[in-house]
Amino acid sequence: IAVLGVKAAVLGQSGGLEAEIREALAGLPPALEAPAGAFVTLWHQGHLRGCIGRAADDLPLYGAVLQSAYQAARNDHRFRPVTPEELAGLELEVSVLSVPEPIVSLNDLRLGEHGVTLRKGDHFGLYLPEVATHMGWDRDTTLNQLALKAGLPEDGWREGATLEVFTTQRLRAPLPRDALGVLTHR
């Protein structure tokens, strides 16, 4: 499903691709039809190329993955859109989020194991579990950076914010060559 989202973003939606998406979505297992949050991270030659997702809402998991893959390839403001020439070197990582649970104590946040969300008024921010360890952050730095990401002052998490933790199931694989279709025959 993530592959189809990337292909739609990079190659455009043709009748053939729309049929391929419909075929892939026919007869999905119930787990993919249940609402869930998901992120899709794109890597090109070992470098981050895009990462977009959504926290759990009423969208089924397959829809969250399809939309996140499309957005990561086309609309991550940190990068230019993925080009057809990059597809052959692309790796996709799908992270499926568990249902977030409120933090009772800051000691409940285990960096590297938990992702974290921050909500305060209309502000919202989310970090996947691997962000803090990848960046070398401790707990306070992680929460300070999350507050900034949410559009709050650095210490905006300390009062009046709701913090929740979640875990992820991750799958990372290269974009399958057979998914590239005519691009592999250029």
Side-chain angles (χ1 to χ4, degrees), residues 1-6 24-25 28-43 46-73 75-76 78 90-152 154-175:
I1 294 171
V3 170
L4 295 173
V6 170
L25 299 182
L28 288 175
L32 293 179
E33 293 182 2
F39 273 70
V40 174
T41 305
L42 306 178
W43 303 91
H47 298 283
L48 180 64
R49 190 61 183 82
C51 181
I52 291 186
R54 50 191 310 133
D57 56 19
D58 59 352
L59 194 64
L61 176 55
Y62 76 83
V65 170
L66 188 66
Q67 286 186 11
S68 297
Y70 182 95
Q71 295 297 326
N75 295 320
D76 186 329
R78 299 170 295 176
L90 212 58
E91 282 187 89
L92 284 73
E93 180 174 289
V94 176
S95 300
V96 179
L97 283 57
S98 70
V99 175
E101 298 179 6
I103 292 177
V104 176
S105 160
L106 288 178
N107 293 328
D108 293 341
L109 172 58
R110 292 187 300 276
L111 298 179
E113 181 181 335
H114 288 142
V116 61
T117 67
L118 179 154
R119 188 178 309 276
K120 186 173 184 179
D122 292 336
H123 299 272
F124 179 80
L126 179 151
Y127 278 140
L128 294 172
E130 59 271 17
V131 171
T133 53
H134 177 76
M135 298 302 292
W137 293 339
D138 62 16
R139 184 190 65 211
D140 284 359
T141 303
T142 299
L143 295 174
N144 288 344
Q145 292 300 312
L146 185 58
L148 292 171
K149 181 179 182 182
L152 295 167
E154 189 173 79
D155 64 350
W157 60 273
R158 293 187 184 274
E159 287 187 35
T162 301
L163 297 171
E164 295 180 313
V165 294
F166 60 90
T167 58
T168 60
Q169 292 182 333
R170 295 186 328 183
L171 173 67
R172 182 172 173 171
L175 189 72

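Side-chain contact between Phe166 and Leu128 is present, with heavy atoms from C-beta onward closer than 4.5 Å. Considering only heavy atoms from C-beta on, His114 comes within 4.5 Å of Thr167 through its side chain. Leu152 places none of its side-chain heavy atoms less than 4.5 Å from the side chain of Trp157. Taking the side chain as every heavy atom from C-beta outward, Thr142 and Leu111 approach each other to under 4.5 Å. The side-chain heavy atoms of Tyr127 and Leu118, taken from C-beta on, include no pair separated by under 4.5 Å. Side-chain contact between Asp76 and Arg49: absent, with no pair of heavy atoms (C-beta onward) separated by less than 4.5 Å. Between Leu106 and Leu163, the closest side-chain pair of non-hydrogen atoms falls below 4.5 Å. Between Leu109 and Leu143 the shortest side-chain heavy-atom distance falls below 4.5 Å.
Side-chain atoms of Lys149 come within 3.5 Å of backbone atoms of Leu126 as a donor-acceptor pair (strictly under, hydrogens ignored). No side-chain donor-acceptor contact under 3.5 Å links His123 to the backbone of Ala161. With hydrogens and angles ignored, the 3.5 Å screen pairs no side-chain donor or acceptor of Thr168 with any backbone N or O of Arg170.
Annotation for Thr41 and Cys51: closest pair OG1-SG, 3.2 Å, computed over non-hydrogen atoms. Nearest heavy atoms, Leu59 versus Gln67: CD2-OE1, 3.8 Å. Taking each heavy atom of Gly115 and Pro129 in turn, the nearest pair found is N-CG, 3.4 Å. Residues Ile1 and Val65 share a closest heavy-atom pair of CG2-CG1, 4.1 Å. Nearest approach of Gly50 to Arg78, heavy atoms of both residues: C-NH2, 4.5 Å. Of all the heavy atoms in Gly125 and Leu146, the pair that sits closest is C-CD1, 3.4 Å.
One finds the CG atom of Leu61 at 11.0 Å from the CG atom of Leu66 (value rounded to the nearest 0.5 Å). Here NE2 of His47 is found 14.5 Å from CG of Leu42. Values are rounded to the nearest 0.5 Å.
Taking a 6.0 Å sphere around CD of Gln169, one finds it holds 12 or fewer heavy atoms contributed by other residues, nucleotides or ligands. Within a 6.0 Å sphere centred on CG of Asp122, other residues, nucleotides and ligands contribute 12 heavy atoms or fewer.
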- request: Evaluate the side chain to side chain contact (heavy atoms under 4.5 Å, CB included) criterion for residues Gln71 and Val40: first the C-alpha distance (whole Å), next the side-chain angles of each, then the deciding distance (0.1 Å), finally the verdict.
  value: CA-CA 9 Å; Gln71 295 297 326; Val40 174; over 6 Å; no
- request: Apply side chain to side chain contact (heavy atoms under 4.5 Å, CB included) to Leu32 and Leu25, showing your working.
  value: CA-CA 9 Å; Leu32 293 179; Leu25 299 182; over 6 Å; no
task: Give the C-alpha distance, both sets of side-chain angles, the deciding distance and a yes or no for side chain to side chain contact (heavy atoms under 4.5 Å, CB included) between Val6 and Leu90.
output: CA-CA 10 Å; Val6 170; Leu90 212 58; 3.9 Å; yes
query: When you look at Leu48 and Trp43, which way does the side chain to side chain contact (heavy atoms under 4.5 Å, CB included) test go after all the steps?
result: CA-CA 5 Å; Leu48 180 64; Trp43 303 91; 4.0 Å; yes
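Taking Glu93 as the reference, nothing meets the side chain to side chain donor-acceptor pair (under 3.5 Å) condition, with sequence neighbours excluded.
Within the structure, no pair that satisfies the ring pair (Phe, Tyr, Trp, His ring centres under 6.0 Å) test touches residues 48-69, not counting sequence neighbours.
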